[in-house]
Amino acid sequence: MADSQREQELLETAKEVQLGNYRPAPFVLTRGQGCRVEDVAGRSYLDLSGGIAVLSVGHAHPRLTQAIADQAARLMHVSNLFYNDRAIELAHELVQRTSLGKVFFANSGTEANEAMIKLARRVHHDRGDTERTELVATLGSFHGRTMGALSVTGQKKYHVGMNPLIPGVHHVPYNDLDALRSAVSDRTAAVILEPVQAEGGIIVGETAYMQGVRKLCDETGALMLLDEVQTGYGRTGRFLAAEWSDVVPDACSLAKGIAGGFPLGAMVVSDSFANGLPPGSHASTFGGNALACAAGLAVLQIFDDEHLIQRASETGAHLGRRLEQLTDCESVVEARGLGLLRGVAMAPDVDPIGVLAAVRERGVLATLAGGTVLRVVPPLIATTSEIDEGIDVVQAVLKNPPRK
Ligand SMILES: Cc1ncc(COP(=O)(O)O)c(C=O)c1O
(Lines give C-alpha, C1' and ligand atoms only; values in the text may rest on other atoms or scores of the structure.)
Protein backbone atom coordinates (compact mmCIF):
# COMPACT_ATOMS: atom_id res chain seq x y z
CA MET A 1 0.00 0.00 0.00
CA ALA A 2 1.29 3.46 -0.89
CA ASP A 3 2.47 5.35 2.19
CA SER A 4 0.16 8.28 1.51
CA GLN A 5 -2.82 5.91 1.21
CA ARG A 6 -1.86 4.30 4.52
CA GLU A 7 -1.71 7.76 6.08
CA GLN A 8 -5.21 8.61 4.81
CA GLU A 9 -6.56 5.37 6.25
CA LEU A 10 -4.97 6.07 9.61
CA LEU A 11 -6.46 9.57 9.64
CA GLU A 12 -9.90 8.15 8.96
CA THR A 13 -9.50 5.54 11.70
CA ALA A 14 -8.33 8.24 14.11
CA LYS A 15 -11.55 10.18 13.51
CA GLU A 16 -13.56 7.06 14.29
CA VAL A 17 -11.75 5.89 17.41
CA GLN A 18 -10.08 8.87 19.08
CA LEU A 19 -12.01 11.47 21.09
CA GLY A 20 -12.45 14.81 19.43
CA ASN A 21 -10.89 16.88 22.23
CA TYR A 22 -7.79 17.71 20.14
CA ARG A 23 -7.41 19.38 16.76
CA PRO A 24 -4.37 17.56 15.35
CA ALA A 25 -2.65 18.51 12.08
CA PRO A 26 -3.76 16.34 9.14
CA PHE A 27 -0.86 13.91 8.94
CA VAL A 28 0.44 11.04 11.07
CA LEU A 29 3.94 11.16 12.51
CA THR A 30 5.84 7.94 12.77
CA ARG A 31 9.51 8.64 13.57
CA GLY A 32 11.86 11.37 14.70
CA GLN A 33 15.56 12.07 14.96
CA GLY A 34 17.11 15.11 16.60
CA CYS A 35 14.99 18.13 15.62
CA ARG A 36 13.22 16.40 12.72
CA VAL A 37 10.16 14.19 12.47
CA GLU A 38 8.75 12.22 9.59
CA ASP A 39 5.17 11.31 8.75
CA VAL A 40 3.78 8.04 7.44
CA ALA A 41 3.73 9.43 3.90
CA GLY A 42 7.48 10.09 4.13
CA ARG A 43 7.39 13.90 4.51
CA SER A 44 9.99 15.38 6.85
CA TYR A 45 9.45 18.35 9.19
CA LEU A 46 11.73 20.55 11.27
CA ASP A 47 10.17 20.40 14.74
CA LEU A 48 10.11 23.84 16.37
CA SER A 49 7.20 22.70 18.55
CA GLY A 50 9.39 20.30 20.51
CA GLY A 51 6.36 18.24 21.54
CA ILE A 52 5.13 21.45 23.26
CA ALA A 53 8.41 22.09 25.05
CA VAL A 54 8.87 18.46 26.07
CA LEU A 55 11.69 17.22 23.84
CA SER A 56 14.59 18.58 25.84
CA VAL A 57 17.15 16.30 24.16
CA GLY A 58 15.36 15.97 20.81
CA HIS A 59 13.82 12.94 19.18
CA ALA A 60 15.43 9.52 19.65
CA HIS A 61 18.57 10.70 21.40
CA PRO A 62 20.68 7.51 21.37
CA ARG A 63 21.68 7.80 25.04
CA LEU A 64 18.11 8.35 26.18
CA THR A 65 16.73 5.49 24.10
CA GLN A 66 19.53 3.21 25.36
CA ALA A 67 18.87 4.18 28.99
CA ILE A 68 15.16 3.45 28.57
CA ALA A 69 15.84 0.09 26.89
CA ASP A 70 18.38 -0.93 29.56
CA GLN A 71 16.09 0.06 32.42
CA ALA A 72 13.06 -1.63 30.86
CA ALA A 73 15.06 -4.86 30.78
CA ARG A 74 16.15 -4.43 34.40
CA LEU A 75 13.30 -2.99 36.49
CA MET A 76 10.31 -0.98 35.35
CA HIS A 77 7.92 -0.61 38.24
CA VAL A 78 7.65 -1.64 41.87
CA SER A 79 5.12 0.89 43.36
CA ASN A 80 5.92 3.32 46.13
CA LEU A 81 5.61 0.59 48.74
CA PHE A 82 9.26 -0.03 47.92
CA TYR A 83 12.24 2.18 47.16
CA ASN A 84 13.79 1.96 43.72
CA ASP A 85 17.35 3.07 43.02
CA ARG A 86 16.56 5.25 40.00
CA ALA A 87 13.96 7.39 41.82
CA ILE A 88 16.36 8.02 44.71
CA GLU A 89 19.13 8.99 42.29
CA LEU A 90 16.90 11.34 40.30
CA ALA A 91 15.45 12.96 43.43
CA HIS A 92 19.01 13.54 44.64
CA GLU A 93 19.87 15.26 41.35
CA LEU A 94 16.78 17.48 41.48
CA VAL A 95 17.50 18.54 45.03
CA GLN A 96 21.09 19.41 44.06
CA ARG A 97 20.11 21.32 40.95
CA THR A 98 17.27 23.34 42.49
CA SER A 99 18.76 23.94 45.97
CA LEU A 100 15.41 22.80 47.35
CA GLY A 101 14.82 20.05 49.90
CA LYS A 102 12.78 17.03 48.82
CA VAL A 103 10.98 15.56 45.81
CA PHE A 104 7.60 13.96 45.10
CA PHE A 105 7.25 12.28 41.71
CA ALA A 106 4.09 12.35 39.60
CA ASN A 107 3.41 11.58 35.93
CA SER A 108 2.53 14.94 34.45
CA GLY A 109 2.51 18.67 34.98
CA THR A 110 -1.05 18.86 36.19
CA GLU A 111 -0.39 16.19 38.81
CA ALA A 112 2.72 17.98 40.03
CA ASN A 113 0.56 21.09 40.47
CA GLU A 114 -2.14 19.12 42.30
CA ALA A 115 0.57 17.97 44.68
CA MET A 116 1.65 21.58 45.31
CA ILE A 117 -1.93 22.66 46.03
CA LYS A 118 -2.43 19.77 48.45
CA LEU A 119 0.94 20.42 50.09
CA ALA A 120 0.03 24.07 50.74
CA ARG A 121 -3.34 23.25 52.26
CA ARG A 122 -1.99 20.40 54.36
CA VAL A 123 0.92 22.44 55.73
CA HIS A 124 -1.43 25.10 57.15
CA HIS A 125 -3.89 22.47 58.35
CA ASP A 126 -1.21 20.64 60.30
CA ARG A 127 -0.09 23.91 61.88
CA GLY A 128 -3.64 24.35 63.18
CA ASP A 129 -4.43 27.10 60.65
CA THR A 130 -7.40 25.28 59.17
CA GLU A 131 -8.93 28.46 57.68
CA ARG A 132 -5.95 28.96 55.40
CA THR A 133 -7.26 27.13 52.37
CA GLU A 134 -7.46 29.80 49.66
CA LEU A 135 -5.28 30.09 46.62
CA VAL A 136 -4.28 33.18 44.69
CA ALA A 137 -3.39 32.62 41.04
CA THR A 138 -2.92 34.82 38.00
CA LEU A 139 -5.14 35.69 35.06
CA GLY A 140 -3.87 34.21 31.81
CA SER A 141 -2.10 31.36 33.61
CA PHE A 142 -2.21 27.69 32.65
CA HIS A 143 -1.63 24.98 35.25
CA GLY A 144 -3.26 21.86 33.79
CA ARG A 145 -6.53 20.02 33.32
CA THR A 146 -7.28 18.13 36.54
CA MET A 147 -9.77 19.91 38.78
CA GLY A 148 -7.33 21.58 41.20
CA ALA A 149 -4.92 22.70 38.49
CA LEU A 150 -7.83 23.73 36.28
CA SER A 151 -9.32 25.81 39.09
CA VAL A 152 -6.13 27.84 39.49
CA THR A 153 -5.77 28.21 35.70
CA GLY A 154 -6.70 31.81 34.93
CA GLN A 155 -8.34 31.37 31.54
CA LYS A 156 -12.13 31.08 31.40
CA LYS A 157 -12.12 29.16 28.12
CA TYR A 158 -10.71 26.13 29.92
CA HIS A 159 -13.46 26.29 32.57
CA VAL A 160 -16.41 26.11 30.19
CA GLY A 161 -18.74 23.30 31.25
CA MET A 162 -16.42 22.14 34.02
CA ASN A 163 -18.01 23.87 37.01
CA PRO A 164 -18.04 23.70 39.95
CA LEU A 165 -14.32 24.28 40.29
CA ILE A 166 -12.57 24.02 43.65
CA PRO A 167 -13.62 26.91 45.91
CA GLY A 168 -11.42 29.62 47.37
CA VAL A 169 -9.40 30.55 44.28
CA HIS A 170 -8.79 34.23 43.44
CA HIS A 171 -7.29 35.38 40.16
CA VAL A 172 -5.35 38.61 39.79
CA PRO A 173 -3.57 40.21 36.81
CA TYR A 174 -0.03 38.89 36.16
CA ASN A 175 2.95 41.20 36.75
CA ASP A 176 0.76 43.35 39.04
CA LEU A 177 2.08 43.33 42.58
CA ASP A 178 -0.55 45.71 43.97
CA ALA A 179 -3.35 43.45 42.74
CA LEU A 180 -1.64 40.48 44.35
CA ARG A 181 -1.19 42.36 47.62
CA SER A 182 -4.88 43.14 47.84
CA ALA A 183 -5.86 39.52 47.11
CA VAL A 184 -3.58 37.81 49.63
CA SER A 185 -5.05 37.55 53.12
CA ASP A 186 -4.65 35.49 56.29
CA ARG A 187 -6.79 32.87 54.55
CA THR A 188 -4.34 32.45 51.66
CA ALA A 189 -2.65 29.06 51.70
CA ALA A 190 -0.49 29.79 48.66
CA VAL A 191 0.19 31.95 45.66
CA ILE A 192 0.74 29.93 42.49
CA LEU A 193 2.22 31.34 39.30
CA GLU A 194 4.48 30.64 36.33
CA PRO A 195 7.81 32.50 35.99
CA VAL A 196 6.84 32.94 32.33
CA GLN A 197 3.18 32.55 31.41
CA ALA A 198 3.68 30.11 28.58
CA GLU A 199 0.30 28.89 27.31
CA GLY A 200 -1.02 32.37 28.14
CA GLY A 201 1.12 33.92 25.37
CA ILE A 202 4.80 33.83 26.50
CA ILE A 203 4.59 36.65 29.04
CA VAL A 204 7.77 36.96 31.07
CA GLY A 205 7.40 37.64 34.80
CA GLU A 206 9.35 40.80 35.62
CA THR A 207 12.21 40.44 38.10
CA ALA A 208 10.73 43.02 40.50
CA TYR A 209 7.40 41.19 40.35
CA MET A 210 8.85 37.77 41.07
CA GLN A 211 10.89 39.18 43.95
CA GLY A 212 7.83 41.06 45.19
CA VAL A 213 5.80 37.84 45.21
CA ARG A 214 8.53 36.17 47.25
CA LYS A 215 8.57 39.03 49.76
CA LEU A 216 4.78 39.12 50.05
CA CYS A 217 4.65 35.38 50.70
CA ASP A 218 7.36 35.70 53.36
CA GLU A 219 5.44 38.51 55.06
CA THR A 220 2.05 36.80 55.00
CA GLY A 221 2.95 33.13 55.47
CA ALA A 222 1.42 32.07 52.15
CA LEU A 223 3.52 29.52 50.27
CA MET A 224 5.05 30.62 46.98
CA LEU A 225 4.37 27.84 44.47
CA LEU A 226 6.10 28.14 41.10
CA ASP A 227 4.77 26.21 38.15
CA GLU A 228 7.97 25.46 36.23
CA VAL A 229 6.35 22.74 34.13
CA GLN A 230 7.10 24.55 30.88
CA THR A 231 9.81 26.98 32.01
CA GLY A 232 11.94 24.55 34.03
CA TYR A 233 14.56 22.05 33.06
CA GLY A 234 16.81 24.39 31.14
CA ARG A 235 14.19 25.65 28.71
CA THR A 236 14.92 29.31 29.49
CA GLY A 237 18.69 28.85 29.71
CA ARG A 238 18.67 28.24 33.48
CA PHE A 239 17.70 25.01 35.26
CA LEU A 240 14.73 26.86 36.80
CA ALA A 241 13.41 30.06 35.24
CA ALA A 242 13.14 31.42 38.81
CA GLU A 243 16.94 31.76 38.75
CA TRP A 244 16.59 34.71 36.34
CA SER A 245 15.01 36.69 39.16
CA ASP A 246 17.05 35.12 41.94
CA VAL A 247 13.95 33.78 43.64
CA VAL A 248 13.66 30.49 45.51
CA PRO A 249 10.08 29.19 45.73
CA ASP A 250 8.65 27.12 48.59
CA ALA A 251 7.84 24.46 46.03
CA CYS A 252 7.99 24.14 42.28
CA SER A 253 6.48 21.75 39.78
CA LEU A 254 8.40 20.18 36.90
CA ALA A 255 7.30 17.98 34.01
CA LYS A 256 7.51 18.38 30.20
CA GLY A 257 11.29 18.23 29.49
CA ILE A 258 12.15 16.25 32.63
CA ALA A 259 12.40 12.85 30.94
CA GLY A 260 12.75 13.97 27.33
CA GLY A 261 9.29 12.74 26.30
CA PHE A 262 8.78 9.93 28.77
CA PRO A 263 5.85 10.81 31.09
CA LEU A 264 7.16 12.14 34.41
CA GLY A 265 6.41 15.06 36.69
CA ALA A 266 7.86 16.22 39.98
CA MET A 267 7.18 18.56 42.85
CA VAL A 268 10.34 19.83 44.53
CA VAL A 269 9.80 21.31 48.00
CA SER A 270 12.00 23.57 50.13
CA ASP A 271 13.39 22.25 53.42
CA SER A 272 10.86 24.32 55.40
CA PHE A 273 7.91 22.41 53.93
CA ALA A 274 9.61 19.15 53.01
CA ASN A 275 7.67 17.20 55.62
CA GLY A 276 4.36 18.77 54.61
CA LEU A 277 2.81 15.62 53.18
CA PRO A 278 2.88 12.91 55.87
CA PRO A 279 2.47 9.21 54.99
CA GLY A 280 -0.88 8.52 53.36
CA SER A 281 -1.67 12.18 52.59
CA HIS A 282 -0.82 11.95 48.89
CA ALA A 283 0.35 9.29 46.42
CA SER A 284 0.67 8.19 42.82
CA THR A 285 0.86 4.61 41.59
CA PHE A 286 3.19 5.32 38.68
CA GLY A 287 4.94 8.35 40.19
CA GLY A 288 8.67 7.75 40.52
CA ASN A 289 8.50 4.62 38.43
CA ALA A 290 12.04 3.29 37.84
CA LEU A 291 11.73 3.48 34.05
CA ALA A 292 10.59 7.13 34.02
CA CYS A 293 13.29 8.07 36.51
CA ALA A 294 15.97 6.31 34.44
CA ALA A 295 14.86 8.46 31.51
CA GLY A 296 15.05 11.52 33.77
CA LEU A 297 18.59 10.63 34.85
CA ALA A 298 19.68 10.07 31.24
CA VAL A 299 18.33 13.49 30.28
CA LEU A 300 20.40 15.14 33.03
CA GLN A 301 23.54 13.27 31.96
CA ILE A 302 22.98 14.46 28.39
CA PHE A 303 22.40 18.01 29.66
CA ASP A 304 25.75 17.94 31.44
CA ASP A 305 27.79 16.23 28.73
CA GLU A 306 26.38 18.36 25.91
CA HIS A 307 26.17 21.57 28.01
CA LEU A 308 22.57 21.90 26.91
CA ILE A 309 21.44 24.51 29.42
CA GLN A 310 24.29 26.80 28.42
CA ARG A 311 23.52 26.06 24.79
CA ALA A 312 19.83 26.85 25.32
CA SER A 313 20.88 30.21 26.68
CA GLU A 314 23.06 30.92 23.61
CA THR A 315 20.81 29.51 20.90
CA GLY A 316 17.89 31.11 22.76
CA ALA A 317 19.56 34.53 22.49
CA HIS A 318 20.05 33.90 18.78
CA LEU A 319 16.40 32.88 18.41
CA GLY A 320 15.38 36.01 20.31
CA ARG A 321 17.34 38.20 17.87
CA ARG A 322 15.79 36.45 14.87
CA LEU A 323 12.28 36.89 16.29
CA GLU A 324 12.96 40.54 17.10
CA GLN A 325 13.78 41.08 13.40
CA LEU A 326 10.34 39.71 12.52
CA THR A 327 8.76 42.75 14.16
CA ASP A 328 9.64 44.54 10.88
CA CYS A 329 6.72 42.62 9.32
CA GLU A 330 3.46 44.52 9.84
CA SER A 331 1.86 41.18 10.79
CA VAL A 332 4.04 40.89 13.92
CA VAL A 333 3.24 42.95 17.01
CA GLU A 334 5.94 41.83 19.43
CA ALA A 335 8.67 39.25 20.03
CA ARG A 336 8.99 37.91 23.56
CA GLY A 337 10.30 35.11 25.75
CA LEU A 338 13.40 33.74 27.43
CA GLY A 339 15.95 31.18 26.22
CA LEU A 340 14.27 28.63 23.99
CA LEU A 341 10.76 29.52 25.20
CA ARG A 342 9.82 32.26 22.77
CA GLY A 343 7.12 33.56 20.52
CA VAL A 344 5.90 36.35 18.31
CA ALA A 345 2.53 38.00 18.89
CA MET A 346 0.71 38.33 15.59
CA ALA A 347 -1.53 41.23 14.55
CA PRO A 348 -5.27 40.78 15.24
CA ASP A 349 -6.19 40.36 11.56
CA VAL A 350 -3.72 37.48 11.01
CA ASP A 351 -5.21 33.98 10.95
CA PRO A 352 -3.05 32.07 13.49
CA ILE A 353 -4.26 28.61 12.47
CA GLY A 354 -3.62 29.53 8.82
CA VAL A 355 -0.07 30.60 9.73
CA LEU A 356 0.61 27.25 11.43
CA ALA A 357 -0.71 25.42 8.36
CA ALA A 358 1.39 27.55 6.01
CA VAL A 359 4.65 26.96 7.89
CA ARG A 360 3.78 23.26 8.09
CA GLU A 361 3.34 23.12 4.35
CA ARG A 362 6.88 24.45 4.08
CA GLY A 363 8.11 21.69 6.40
CA VAL A 364 8.18 23.39 9.82
CA LEU A 365 6.14 22.48 12.92
CA ALA A 366 5.24 25.22 15.40
CA THR A 367 2.45 25.79 17.93
CA LEU A 368 0.39 28.67 19.26
CA ALA A 369 0.25 30.18 22.73
CA GLY A 370 -2.51 32.48 23.94
CA GLY A 371 -4.36 32.08 20.65
CA THR A 372 -2.37 34.66 18.67
CA VAL A 373 1.25 34.01 19.56
CA LEU A 374 3.35 31.79 17.31
CA ARG A 375 5.34 29.81 19.86
CA VAL A 376 8.84 28.49 19.15
CA VAL A 377 10.06 25.87 21.64
CA PRO A 378 12.56 23.64 19.81
CA PRO A 379 14.50 20.84 21.50
CA LEU A 380 17.41 22.22 23.55
CA ILE A 381 19.79 20.43 21.16
CA ALA A 382 18.66 22.65 18.25
CA THR A 383 21.57 24.31 16.43
CA THR A 384 21.55 27.92 15.30
CA SER A 385 21.39 26.75 11.69
CA GLU A 386 18.28 24.67 12.44
CA ILE A 387 16.75 27.68 14.17
CA ASP A 388 17.63 29.88 11.18
CA GLU A 389 16.15 27.35 8.77
CA GLY A 390 12.88 27.33 10.75
CA ILE A 391 12.67 31.07 11.31
CA ASP A 392 13.39 31.75 7.61
CA VAL A 393 10.21 29.80 6.87
CA VAL A 394 8.24 31.61 9.59
CA GLN A 395 9.50 34.93 8.22
CA ALA A 396 8.48 34.07 4.65
CA VAL A 397 4.96 33.20 5.85
CA LEU A 398 4.58 36.24 8.12
CA LYS A 399 5.59 38.61 5.30
CA ASN A 400 2.32 37.75 3.62
CA PRO A 401 0.30 35.76 6.15
CA PRO A 402 -3.18 34.28 5.74
CA ARG A 403 -5.73 36.76 7.11
CA LYS A 404 -8.93 36.13 9.04
C1 LIG B 1 2.87 25.83 32.93
C2 LIG B 1 2.14 24.54 32.76
N3 LIG B 1 1.67 23.90 33.84
C4 LIG B 1 1.02 22.73 33.74
C5 LIG B 1 0.82 22.13 32.52
C6 LIG B 1 0.10 20.82 32.44
O7 LIG B 1 1.01 19.81 32.18
P8 LIG B 1 0.48 18.37 31.70
O9 LIG B 1 -0.16 18.56 30.37
O10 LIG B 1 1.72 17.52 31.69
O11 LIG B 1 -0.50 17.90 32.72
C12 LIG B 1 1.30 22.75 31.36
C13 LIG B 1 1.07 22.15 30.04
O14 LIG B 1 1.13 22.78 29.02
C15 LIG B 1 1.98 23.98 31.48
O16 LIG B 1 2.46 24.63 30.42
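Fair warning: this is a prediction, and the values are worked out from it, not measured in the lab. Both counts, for ligands and for their atoms, begin at 1 and track the order of listing.
Taking the six-membered ring for Trp and thresholds of 30 and 60 degrees, F286 and H77 have ring planes more than 60 degrees apart, a perpendicular arrangement.
Between T65 and I68, every side-chain heavy-atom pair lies at or beyond the 4.5 Å cut-off.
Q33 contributes no side-chain N or O that, together with a main-chain N or O of E38, makes up a donor-acceptor pair within less than 3.5 Å.
A search for ring-ring contact (aromatic ring centres under 6.0 Å, His included) contacts involving H282 returns F104, not counting sequence neighbours. Looking at residues two or more places apart in sequence or on another chain, you find a side-chain hydrogen bond (donor to acceptor under 3.5 Å, both in side chains) between D305 and R63. Shown here are the salt bridge (charged side-chain N to carboxylate O under 4.0 Å, His left out) partners of D3, two or more places apart in sequence or in another chain: there are none.
Among protein residues, S108, G109, T110, N113, F142, H143, G144, E194, E199, D227, V229, Q230, K256 come within 4.0 Å of ligand 1, judged on heavy atoms.
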